Amino acid sequence: MIGKDTLKHAGKRKQLVAVLEEKGIKDAQVLLAIAKIPRHLFVDSSFEDHAYQDKAFPIAADQTISQPYTVAFQSELLQVNSGDAVLEVGTGSGYQTAVLCTLGAKVYSIERQQELFKKTTLFLPKLGYRPKHLSFGDGYKGLPEYAPYAAIIVTAGAPFVPKPLLSQLAIGGRLVIPVGKDPQIMTLFVRKSDTEFEKHEFGEFRFVPLLENKN
Ligand code: SAH
């Protein structure tokens with residue numbers, strides 16, 4: 001059973017969008033996506049009342065749904081155009097996946113927790129979100145089958161930048177990845193050529209760790 005989306009929820013989303021704008025998010029498409037997506041349906045019903053506060057929350061398997069500001073900040077840095085192939089590492093609740101789908105991306109996403117992978121694979125289509133491919137596996141390796149990607153987003157804290165992710169970027173492609181232990185530095189890599197990458201850093205964020213494969 002999925003819950004309902006009501007006018008009251010839509011009103012709360014509008015307030016959340018205003019908070020994000022105040023914190024500096026400018027991308028109109030990203031703000032529109034957040035205004036549309038029923039975030040309260042992505043969190044456990046006991047957290048429903050808090051779903052539209054700018055906070056991170058626990059989901060299954062000791063993981064978190066990223067804070068809306070973080071989702072918006074990363075999505076803005078990705079500069080997604082409709083039709084772009086985008087890879088997400090860390091599907092989790094599927095909320096960021098839904099944002100990418102709403103931006104018109106062809107979304108590929110990887111999750112290493114089986115429980116979350118299964119749950120989110122069933123859940124997203126129920127809300128009408130249709131990522132191209134959800135994969136159960138190790139995000140450190142990326143998803144070479146569908147490369148190159150116009151953009152890659154990592155939604156867990158990476159102790160280092162995995163090489164396969166850089167090599168799966170198209171020329172001109174953008175990798176947005178929080179790098180470090182605690183906290184992480186939000187980092188953008190733009191691929192300039194086969195061998196050259198431009199690097200930009202955007203301050204501190206806190207994520208659950210990108211874990212090495214269990215298998
Ligand atoms: N985008 C998610 C954020 C979830 S938190 C959301 O909006 O809800 C980060 C997620 O990354 C967790 O679900 C965690 O299980 C997953 N993760 C951690 N290490 C991983 C790895 N090596 N490969 C793929 N997913 C990983």
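When a ligand or atom number is given, it counts from 1 through the structure's own listing order. What you are looking at is a predicted structure, and each value in this text was computed from that prediction instead of being measured.
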- Task: Fit a plane to each ring of Phe202 and Phe73, take the angle between them on a 0 to 90° scale, and name the class: parallel (under 30°), tilted (30 to 60°) or perpendicular (over 60°).
- Result: perpendicular

- Task: Within a distance under 4.0 Å of any heavy atom of Ile65, pick out the atoms of ligand 1 and give their elements.
- Result: 8 (O)

- Task: Would you confirm whether the ring centroid of Phe123 sits within less than 6.0 angstrom of the ring centroid of Tyr95?
- Result: no

- Task: Might you work through the side chain to side chain contact (heavy atoms under 4.5 Å, CB included) test for Tyr108 and Ser135, ending with a clear yes or no?
- Result: CA-CA 8 Å; Tyr108 302 83; Ser135 168; over 6 Å; no

- Message: At less than 4.0 angstrom from any non-hydrogen atom of Ile110, what atoms of ligand 1 do you find?
- Response: 24 (C), 25 (N)

- Task: Please confirm whether Thr97 comes under 4.0 Å of ligand 1, counting heavy atoms of the residue only.
- Result: no

- Task: With sequence neighbours left out, write down each residue that passes side chain to side chain donor-acceptor pair (under 3.5 Å) with Arg13, or none if nothing qualifies.
- Result: Asp5, Tyr52

- Query: Are any of the N/O atoms in Thr155 less than 3.5 Å from those in ligand 1?
  - Reply: yes

- Task: Rounded to the nearest 0.5 Å, what's the gap from CD on Glu115 to CZ on Phe136? Could you check?
- Result: 11.0 Å

- Query: Can you find an N/O atom of Gln113 closer than 3.5 Å to an N/O atom of ligand 1?
  - Reply: no

- Message: Which option wins on minimum heavy-atom distance to atom 18 (C) of ligand 1: Ser135, Pro209, Gly92?
- Response: Pro209

- Note on the structure: Taken to the nearest 0.5 Å, the spacing of Ile110 CD1 from Lys141 NZ works out to 9.5 Å

- Query: What about Gly139: any of its N or O atoms under 3.5 Å from an N or O on ligand 1?
  - Reply: yes

- Message: For Glu22, is the CD atom crowded, meaning more than 12 foreign heavy atoms sit under 6.0 Å from it?
- Response: no

- Should Asp138 be counted as touching ligand 1, given the test is an N or O pair under 3.5 Å? yes

- Task: Just jot down the ligand 1 atoms closer than 4.0 angstrom to any heavy atom of Gln96, in number order.
- Result: 1 (N), 7 (O)

- Task: With heavy atoms of Thr64 as the reference, note each atom of ligand 1 found under 4.0 Å away.
- Result: 3 (C), 4 (C), 5 (S), 8 (O)

- Select one of side chain, backbone, both or neither to describe which atoms of Arg112 lie under 4.0 Å from any atom of ligand 1, heavy atoms only. both

- Query: Taking only residues two or more places apart in sequence, or in another chain, which ones meet Tyr129 in a ring-ring contact (aromatic ring centres under 6.0 Å, His included)?
  - Reply: none

- Is there any N or O on Gly90 that sits under 3.5 Å from an N or O of ligand 1? yes

- What atoms in ligand 1 come closer than 4.0 Å to a heavy atom of Val208? 5 (S), 9 (C)

- Task: Using a strict 4.0 Å cut-off to heavy atoms of Ser66, name the atoms of ligand 1 that fall inside it.
- Result: 3 (C)

- Note on the structure: Rounding to 0.5 Å, atoms CD (Gln53) and CD (Gln15) come to a distance of 10.5 Å

- ligand 1 to Leu210 polar contact by distance, N or O atoms, under 3.5 Å: no

- Task: Identify, by atom number and element, the atoms of ligand 1 in contact range of Ser93, meaning under 4.0 Å from any of its heavy atoms.
- Result: 6 (C), 7 (O), 8 (O)

- Query: Glu88 near ligand 1, heavy-atom distance under 4.0 Å?
  - Reply: yes

- Message: Looking at Asp182, I want to see if its CG is surrounded by more than 12 non-hydrogen atoms of other residues, nucleotides or ligands under 6.0 Å.
- Response: yes

- Query: With a cut-off of 6.0 Å (strictly less than), are more than 12 heavy atoms of other residues, nucleotides or ligands near NZ of Lys23?
  - Reply: yes

